[in-house]
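Notes follow once the structure below has been shown.
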Amino acid sequence: MNNLEIAWVFLEIADLLEIQGESPFKVRAYRQAAHVLSELDEEVAHYAQMGRLTELPGIGAALAAKIEELLQTGSLAYLERLRREVPAGLRQMLALPGVGPRTVRTIFTHLGISTLEELEAAARAKKLRALPGLGVKTELAIQHGIELLRSRPSGLPLGLAFPAAAELSEIMAQLSQVQKVSLAGDVRRGEEMVGQIIIVAAVAPADQDAVLKTFQAAPYVRQTMRTEPGKTTVLLGIGLEAALITVPPPAFACRLCYHTGPPAHWSALVKWARARGFELTPDGLRGREGELQLSSEEELYQSLGLAFVAPELRAGRDEVELAARGALPELLRPEDMLGDLHLHSNWSDGTESIQGLARAAAGRGYAYIAITDHSQALSIAHGLTPERLVEQEKEIEEVRANYPHLFLFSGIEVDILADGRLDLPDDVLARRDIVLASVHSGFKQDRETMTRRILTALANPAVDILAHPSGRLLGRRDPYAVDLEQVLDAAQRYGKILEINASPERLDLGAEWARRAKEAGIKLAINTDAHDARRLADMDWGVCVARRAGLTREDVVNAWPLERLREYVRLRRERAYANS
DNA sequence: GCCGTTTTCGGCCCGACTGTTTTCAGTCG
């Protein structure tokens, strides 16, 4: 078992214990341990071998023993016991908004309900409102929550699916029988939610069975679901399906393109090819002179007279036509990013010092970062008061002296209060180099109130960037009710920057809205919202969203040199304050 | 569950909001 799988086990234990009504601190210990394991650079097995598990923060004797058991046997008696005691359906109920462990327990003990289906039936039959602590509103909220859960795209966020996909692909690449291998499908296109991992490998027909068998025994694999000639589908420990497709080497380019999809893009290619006298099938490209030998996808597009279409742009929109005209955007690349404008230090709820963030940013070759801790209203995160901001400014100044080639913006992520006012006085905000504004409370406001709230905040001259504009948590929380059309209008009118939050649990704005923002002439910033130094690497997920949105360096302010960015912010503020 | 110049027990970010109540429990961030 690898780190992520063990972390997964601990998260399940935490949920089950919580439903059982165990001490919240014990529950938190498991969640904390899961977090530590998932962030660990080295395989936890190495720590186990050296008998150093308890040196990891949050891992004591009890958890170390459980990790050992998982590593040695692949299972855990304690978890098996909990699973017998708490039906799996109860854990799913925790995902319903407004439903926590106590409510789940009430429902289970009084009605004996243990699946979402039974729960929905009970809600419809108006049986929930009679339970202690529940009422009509909760009953309706549960019914609505189940509907939302159903309408959500299934699968896992890219940030969870990609590492597993990359590791599986890497393992396949190591095999001597595998001549070429590539990720395909949702993961390769950088979709925000991944329905299934697809890996395409070029393998001589005689070796296919052996390669498929190796895949079935790879790390992460819990069980084999289906096998057919040239393809096997497995279920991973993280609850996602992964398919390995083996193809004869000459067909690799076409099959890769076909399985990368989406179907609408492939259809557009087939149609384009046919109109020019080619026959394009998943197994090859046939021209008037016969079958073409293609050694790569690039050659496939070239043979069709098209510029290469980056997987992220494949959508069946107008990309084939643009490729024909040579008019595809020159997409933003990870190496174009020059800074990160949304970082939390240990002044609020981050774990890293400002110095540590600066060191990590310098290590990535950044030209600038912004320290943007929370404001006072977010007390759970130790949000900063005006007084502490003054103190922090001094520390930022000290760190600046240590990193002459890295500019530190003294920033702030100021809360947008329920009525749209900001959580800090204007003069305090005006002294910060960059101001992000965002919503962290009152998520249940109706659409009109929430929209007005955000528009009010955008109208404030102090605000430079609207952070995580929709508030969604991928697969966990839907966007709050807000009219993003109006938000885009206001951003465009006031010259505000919209954030693509690169945290893998957010990816907010998503690609569709980022595309529309660009079309409206709005500038974007891609920020990680990192709470520790390691998470600076999340930038790549944000770049992925930007690429799917068709963004170029020009569209993204933190792909600009420092002076241009500062000038942009300065001019915007000058205009805003002059008009206010 | 973990952790300790508060070290073997007693702490462990906390405050707002909501829906249920009629003074508060549960959820959320």
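Each chain gets a letter, A, B and so on, in the order its sequence line appears, and its residues count up from 1. Being a predicted model, the structure only gives us computed values, none of them experimental.
With rounding to whole Å, A/His382 atom NE2 is found 11 Å from B/dC12 atom P. A/His531 places its NE2 atom 13 Å from the C1' atom of B/dC13, with the value rounded to the nearest Å. Atoms CZ (A/Arg477) and P (B/dT27) sit 17 Å apart, rounded to a whole Å. Distance A/Ile380 CD1 to B/dC12 P: 14 Å, rounded to the nearest Å. Distance A/Leu17 CG to B/dC2 C1': 14 Å, rounded to the nearest Å. If you take CG of A/Leu37 and C1' of B/dC2, they are 14 Å apart, rounded to a whole angstrom. Look at CZ on A/Phe25: it is 7 Å from P on B/dC13, rounded to the nearest Å.
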Counting primed atoms plus P, OP1 and OP2 as sugar-phosphate and everything else as base, spell out the protein contacts along nucleotides 17-24 of chain B at 4.0 Å heavy-atom distance: B, S or - for each nucleotide, 5' to 3'.
--SS----

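Of all nucleotides present, none satisfies the Watson-Crick or G-U wobble test against B/dT8 with each distance under 3.5 Å.
Between A/Arg364 and A/Asp340 there is no salt bridge, since none of the side-chain N atoms of the basic residue sits less than 4.0 Å from a carboxylate O of the acidic one. Of the charged side-chain nitrogens involved, none lies within less than 4.0 Å of a carboxylate oxygen, so that A/Arg548 and A/Glu512 do not count as a salt-bridged pair.
Both A/Ala377 and A/Pro97 lie near DNA chain B, and the one whose nearest nucleotide falls closer to the 5' end is A/Ala377.
In terms of phosphate contacts, A/Arg28 brings a side-chain nitrogen or oxygen within less than 4.0 Å of OP1 or OP2 of B/dC13. The side chain of A/Ser379 contributes no N or O atom lying less than 4.0 Å from OP1 or OP2 of B/dC13.
A heavy-atom distance below 4.0 Å to DNA chain B is reached by these residues of residues 65-90 of chain A, ordered by number: A/Lys66, A/Tyr78.
A side chain to side chain donor-acceptor pair (under 3.5 Å) check over residues 131-141 of chain A, counting only residues at least two apart or in different chains, returns the pairs A/Arg129-A/Glu139. Note on residues 83-100 of chain A: pairs passing salt bridge (charged side-chain N to carboxylate O under 4.0 Å, His left out), not counting sequence neighbours, are A/Glu12-A/Arg83, A/Asp15-A/Arg91, A/Glu80-A/Arg83, A/Arg81-A/Glu85.
You'll find the side chain of A/Phe162 stays beyond 4.5 Å of the side chain of A/Leu156, heavy atoms only.
Spacing between B/dT23 and B/dC17 at atom C1', rounded to whole Å, works out to 16 Å.
Residues that satisfy the ring pair (Phe, Tyr, Trp, His ring centres under 6.0 Å) test with A/His344, not counting sequence neighbours, are A/His342, A/His374, A/His531. Residues forming a side chain to side chain donor-acceptor pair (under 3.5 Å) with A/Arg573 (at least two apart in sequence, or on another chain): A/Asp464.
Pairing each heavy atom of A/Arg506 with each of A/Arg472, the nearest pair is O-NE, 3.1 Å.
A perpendicular orientation is assigned to the rings of A/His440 and A/His468, their planes being inclined by more than 60° (bins at 30° and 60°).
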